Chemist: 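Got a structure for you, written out below as structure tokens; questions coming shortly.
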Amino acid sequence: MSSSIATTQIVRPARTLQGSVTIPGDKSISHRYAILAGFAEGTTRLTNFSTGADPHSTLACMEALGATVVKKDATTIAVTGAAGSFRQPAGPLDCGNSGSTMRMLAGLIAAQPHVFTMIGDHSLTLRPMERIRKPLSQMGARIDLVDGHAPMTIYGGPLKAINFETPIPSAQVKSAVLFAGLQAEGTTSLSEAVRTRDHSEHALRAFGATLDRAGDRLSIAGGQQLKAIEATVPGDLSSAAFFLCAALLFPDSNLVLDSLGMNPTRAALLDVITVLGGKIKVLTVEEHHGELIGTIQVNRSPEGLKGVEISGALSAQLIDELPVLAAIAPYTRDGITFRDAKELRVKESDRIALVAKNLKSMGAEFTEYEDGLAIPGGQTLHGATIDSGTDHRIAMAFSIAALRATGDTEIRGAEAAAISFPEFFSYLDLLCKR
Ligand code: S3P
């Protein structure tokens, strides 16, 4: 985000939230389709590709590696892949703000016979990369980091299969190992203590790879070629989360979202919403390339919002939704506590610290832990100046907290929303009744 111009958005309190919208394409799936399309043989056609800046950073990297990207309109793209052989890029691969780009793509390029340098913006340069260096160097790649961080230099070459246990729940690390395993000698196997989002597994299969699962162990044989696909990216549930949580704030809210990604490894929020006192009706559901896509309707139950405690595996599965849950927590009856979420401190910002700082600005009480927050319910918040810390999810989460505050809220660094959801503020305006 360092190159975009800082903007401030004023968010006024709302009376209710009502409407029916289609949420733009999922960021996680867009990254994976872009990466695998850029590697595959043939031309992949994608519709409803994410409008977020992050997946566009991935597309630019794929072009630098030899893929051809044609953008038909904002969300329809054709990617002609490098058919398994990337070229030596002319300069560094710029991953912008995107940890997904840097970590997942590292796995794919580690097997290619070139030297690659991956760079990112200030936030990405602070994020831990040792977690991918470790398995990829076990497979035979040489990777140089600066004190565990980007810039990262990958000396690619032939890789050998490994058996890997993921020490931290991370779909990005899992994907890096699978993408490297696809090209390694032998069969790479991997198990995760917490089952993280499985979009890479579905995407690899869609592009023609064979991937086996036995219990919680995944395995992928090396030397597989990928073939282009046609696909529509489902709507992003993590973007929808802001409006789903906003709908819980008002007794007469009514929100309908169609073409929404409902992959069970991403949908823990829907269960939490039900526990809190939201009513979710699944109106339609179908499957494309292993991903569930549906239409849902959300209302709040007349009894209002209860509270919830989130810990263990659930925290990992909800990691991207915790900031917005924290933002609505003061308006619940019993509060929201989340623990075992230390990973939040190494996201696009230290999200525990920034949530705490902004809750405090709005006058909320809470307890901060190293691995989470306990936020009591039954509180009244006032409008305040919010610091997004150039973190997209913080900018959007506190725009939702603002809807029930007294007075207006000023979101500084609101432009960060464009990392995953450039249309966020126009959707907010459309859905909020004032
Ligand atoms: C993502 C995985 C998660 C998530 C991120 C996107 C992905 O990160 O927080 O926004 O697309 O695989 P980790 O894998 O680092 O937990």
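Counting starts at 1 for both ligands and their atoms, following the listed order. All values derive from a computational prediction rather than experimental measurement.
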Chemist: Considering only protein heavy atoms, which is closest to atom 4 (C) of ligand 1, and at what distance to one decimal place?
Modeler: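 The closest one turns out to be Asp320 OD2, 3.3 Å.
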
Chemist: Under 4.0 Å from a heavy atom of Arg103: which atoms of ligand 1 are those, numbered in the order shown and with their elements?
Modeler: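 Result: 15 (O).
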
Chemist: Taking 4.0 angstrom as the limit and counting only heavy atoms of Ser170, give me the atoms of ligand 1 inside it, by number and element.
Modeler: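 Counting from 1, the qualifying ligand atoms are 13 (P), 14 (O), 15 (O), 16 (O).
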
Chemist: Out of curiosity, is Lys174 lining ligand 1, as in a heavy atom under 4.0 Å away?
Modeler: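 False for this residue.
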
Chemist: Using a strict cut-off of less than 4.0 Å between a Lys/Arg side-chain nitrogen and an Asp/Glu carboxylate oxygen, indicate whether Glu291 and Arg32 qualify as a salt bridge.
Modeler: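 Looking at Glu291 and Arg32, the cut-off is not met.
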
Chemist: Within the structure, is a non-hydrogen atom of Arg197 found at a distance of less than 4.0 Å from ligand 1?
Modeler: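 Under 4.0 Å: yes for Arg197.
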
Chemist: Could you go step by step and tell me if Lys71 and Glu63 meet the salt bridge (Lys or Arg N to Asp or Glu O under 4.0 Å) rule?
Modeler: CA-CA 12 Å; Lys71 294 179 186 164; Glu63 282 184 299; 5.6 Å; no

Chemist: For Gly38 and Met62, work out which heavy atoms get closest and say how close.
Modeler: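 The answer is CA-CE, 3.8 Å.
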
Chemist: Please determine if Ala171 has a nitrogen or oxygen closer than 3.5 Å to a nitrogen or oxygen of ligand 1.
Modeler: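 Yes.
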
Chemist: Can you check whether Phe49 and His56 have ring centres sitting under 6.0 Å from each other?
Modeler: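 When the ring centroids of Phe49 and His56 are compared, they turn out to be within the sub-6.0 Å range.
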
Chemist: By number and element, which atoms of ligand 1 are closer than 4.0 Å to a non-hydrogen atom of Ser28?
Modeler: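 Here the atoms of ligand 1 in question are 6 (C), 7 (C), 11 (O).
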
Chemist: Out of the candidates Leu373, Val346, Leu322, Asp320, only one should pair with Arg351 under the side-chain contact (heavy atoms from CB on, under 4.5 Å) rule; please name it.
Modeler: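 Of Leu373, Val346, Leu322, Asp320, side-chain contact (heavy atoms from CB on, under 4.5 Å) with Arg351 is met by Asp320 alone.
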
Chemist: Run the numbers for me: atoms of ligand 1, each under 4.0 Å from some heavy atom of Ile319, listed by number.
Modeler: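 Under 4.0 Å from Ile319, ligand 1 has these atoms: 9 (O).
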
Chemist: Where's the contact between Ser100 and ligand 1, heavy-atom distance under 4.0 Å: side chain, backbone, both or neither?
Modeler: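 Just the side chain.
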
Chemist: Inspect the contact between Asp26 and Arg197 and indicate whether a charged nitrogen and a carboxylate oxygen are less than 4.0 angstrom apart.
Modeler: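 No, no charged N to carboxylate O under 4.0 Å.
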
Chemist: Among protein heavy atoms, which sits nearest to atom 3 (C) of ligand 1, and what does the distance come to when rounded to 0.1 Å?
Modeler: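 Checked against all protein heavy atoms, atom 3 (C) of ligand 1 sits closest to Lys347 NZ, 3.8 Å.
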
Chemist: Got the closest protein heavy atom to atom 1 (C) of ligand 1, with its distance?
Modeler: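 Protein heavy atom at minimum distance: Gln172 NE2, 3.5 Å.
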
Chemist: For atom 12 (O) of ligand 1, which protein heavy atom lies nearest, and how many Å away is it?
Modeler: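 So the nearest neighbour among protein heavy atoms is Arg32 NH2, 2.6 Å.
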
Chemist: What orientation do Phe424 and Phe243 show, parallel under 30°, tilted 30 to 60°, or perpendicular over 60°?
Modeler: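 The arrangement is parallel - the two ring planes meet at less than 30°.
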
Chemist: Are any of the side-chain nitrogens in Lys160 or Glu185 under 4.0 Å away from the carboxylate oxygens of its partner?
Modeler: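 Salt bridge between Lys160 and Glu185, a charged N being under 4.0 Å from a carboxylate O: no.
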
